[in-house]
Amino acid sequence: METYTWIFDLKKRVPLFLEQLKGKATPGFFHYSLSGDLYNENIKWGLGNTVFAVKIYAVLGLLESLSAEQKKTMASFIKSFQKKDGAICDPLIRRLAWKKNLLLSLKNKNFRNIFGKETMRAETRQAISSLKLLDPRAKNWDAGVPQNKVGNPDKGRKKIIKYLSKLNWQKPWHAGSHFSHLLFFLQNSDLANKNELTDTAIKWINKQQNLQDGTWYQGHPSLQQKINGAMKIITGLKVAEKINFKYPEKLIDLCLLAKNNKHACDNFNIIYVLHYANKVAGNNYRANEIKVFAEDRLETYERYYFPAIGGFSFSSNQANIYYYGAKITRGLNEPDIHGTCIFLQGIALAAQILGIAPVLKFKELVL
């Protein structure tokens, strides 16, 4: 345990970092990075920042210790971004990213996100999951809009299959995320047949799983795409409470061979896939190697940590610059709220693999 004793100090240090990020004029607002943000709280933005703050408190097991007023303030800030159609999205992010979305749409001949529609779906999903953490009993993201309008899950079985078939599975990280969003919105909808539609989607995705490595894709994607795409698929199965898939040993083999450590998402995705493949395999396949991998992953995570500040940077020695394609920071050598949120969730999973979760007392989140 000597190699990762530093993680036991996080419950004290990370809340101090969040205190530094809190806005002074706008209740519920958090800055994205410590000092390098390009935009301040004097304009309408910061939805994702507050979503990350909620999840950080939750994974640390500190959400319950916040006052009712603190939680209400964060929930009100998140809900202030809700549109009439039920979507919850950041207008600044949408405005800044539109040129990049247009260019990517033309390059990939995929016009689904030309007006940021896919980004809005992703933002809405994350906002709803945070609101549910703040108040699990209430449907507090709903503002009079039928839930089946949010995320547009109101599709028949044929439309579900058509929707999934049209996604670009040669880029499984992207396609898998939209499979996951679909299951999330189905499970959080008021549709009477949502379980039937969920089963239809899972049955379709099962046919895309590759016998050779256990991941879900078409064509010849990179190793990074395969693993990150697998993470997205498994998050969808997790939401539906149907964590069961074939070839978990193949997924374990793939993860143990990989070195996904370019940034926070890569680092988290690989431990997420390994953790759930290990569970499905019964925790008895290459068990010692998986524990060594988790220990090594914690050593990697520490390199992104700023102990004097209490936060993690998204990239090595650099705060994240782009969020959903929008440039929002100067990318200084400092921690940011996004990287901190993701690395903490990775630590929660590594702690389960290493058997120290009962001592660390981090909480795994349903993404």
Side-chain angles (χ1 to χ4, degrees), residues 97 100-126 129 151-188 197-240 242-247 250-251 254-255 258 260 262-263 265-266 268-270 272-273 276-277 322-325 342 367:
K100 188 171 184 178
N101 288 337
L102 176 61
L103 291 173
L104 286 174
S105 296
L106 293 171
K107 179 182 177 181
N108 299 323
K109 296 181 180 179
N110 174 15
F111 300 98
R112 291 174 181 267
N113 201 39
I114 191 168
F115 298 113
K117 189 175 180 180
E118 290 185 339
T119 299
M120 284 192 287
R121 188 177 294 116
E123 284 190 282
T124 302
R125 185 238 182 103
Q126 295 305 321
S129 65
N152 299 316
D154 190 5
K155 310 173 190 289
R157 294 178 64 231
K158 289 184 179 179
K159 286 186 178 179
I160 289 281
I161 294 170
K162 183 179 180 181
Y163 172 76
L164 293 172
S165 299
K166 284 192 172 183
L167 295 172
N168 183 4
W169 289 98
Q170 296 189 52
K171 295 185 176 180
W173 192 0
H174 177 269
S177 71
H178 291 286
F179 165 81
S180 183
H181 296 334
L182 175 64
L183 264 58
F184 178 88
F185 287 116
L186 280 170
Q187 290 302 303
N188 285 279
L197 296 178
T198 295
D199 289 342
T200 297
I202 293 174
K203 185 177 180 180
W204 187 91
I205 203 67
N206 285 343
K207 295 177 181 178
Q208 313 310 312
Q209 193 177 17
N210 190 284
L211 171 64
Q212 302 304 316
D213 55 29
T215 60
W216 295 261
Y217 65 91
Q218 295 172 4
H220 305 282
S222 67
L223 180 59
Q224 180 201 37
Q225 277 279 341
K226 289 180 180 181
I227 291 175
N228 291 352
M231 175 268 180
K232 294 298 185 181
I233 298 297
I234 297 171
T235 60
L237 299 176
K238 175 74 172 177
V239 166
K242 293 180 181 291
I243 293 283
N244 188 22
F245 46 82
K246 296 180 291 184
Y247 321 127
K250 297 289 187 181
L251 270 174
L254 191 70
C255 289
N260 274 28
K262 186 178 180 181
H263 49 59
C265 284
D266 282 350
F268 173 69
N269 292 350
I270 194 169
Y272 189 93
V273 174
Y276 278 103
Y322 292 93
Y323 179 64
Y324 284 125
I342 293 175
L367 303 177

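Just so it is clear, the model here is predicted, and its values are computed rather than measured.
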At their closest point, which heavy atom of [X] faces which heavy atom of [Y], and how far apart are they?
X	Y	answer
P221	Q225	CB-CB, 3.9 Å
L223	A258	CD2-CB, 3.8 Å
A122	Y324	CB-OH, 3.4 Å
L167	A175	CD1-O, 3.6 Å
L197	G156	CD2-C, 3.8 Å
H174	H178	O-CD2, 3.2 Å

(Q) Under a 3.5 Å distance rule, please check whether Q209 uses its side chain to pair with a backbone N or O of K246 as donor and acceptor. (A) yes
**Q.** S180 side chain vs G176 backbone, donor-acceptor pair below 3.5 Å
**A.** no
What pairs with [X] under side-chain hydrogen bond (donor to acceptor under 3.5 Å, both in side chains), at least two apart in sequence or on another chain?
X	result
D199	K242
K250	none
Y323	none

(Q) Run E118 and H181 through side chain to side chain contact (heavy atoms under 4.5 Å, CB included) and show every step you take. (A) CA-CA 10 Å; E118 290 185 339; H181 296 334; over 6 Å; no
Q | Passing option when Q218 is tested against K171, Q208, Q170 for side-chain hydrogen bond (donor to acceptor under 3.5 Å, both in side chains) | A | Q208
Q. Taking the six-membered ring for Trp, are Y272 and Y276 parallel (under 30°), tilted (30 to 60°) or perpendicular (over 60°)?
A. tilted
Separation of [Y] [atom2] from [X] [atom1] (nearest 0.5 Å):
X	Y	atom1	atom2	result
N228	I233	CG	CD1	12.0 Å
N269	C255	CG	SG	10.0 Å
N188	T124	CG	OG1	12.0 Å
L367	Q126	CG	CD	7.0 Å
T215	I227	OG1	CD1	8.5 Å
L237	N206	CG	CG	7.5 Å

Q.
According to salt bridge (charged side-chain N to carboxylate O under 4.0 Å, His left out), does anything in residues 176-185 pair up with another residue at least two apart or in another chain? List the pairs.
A. none
Q) So which pairs with a foot in residues 225-238 pass salt bridge (charged side-chain N to carboxylate O under 4.0 Å, His left out), sequence neighbours left out? A) D213-K226
Q) Out of Y163, W216, W169, which residue meets the ring pair (Phe, Tyr, Trp, His ring centres under 6.0 Å) rule with W204? A) W169
**Q.** Residues that A201 engages under side chain to side chain contact (heavy atoms under 4.5 Å, CB included), provided they are two or more places apart
**A.** I160, L164, F179, L182, L183
Q. Does any non-hydrogen side-chain atom of F184 lie less than 4.5 Å from one of T235?
A. no
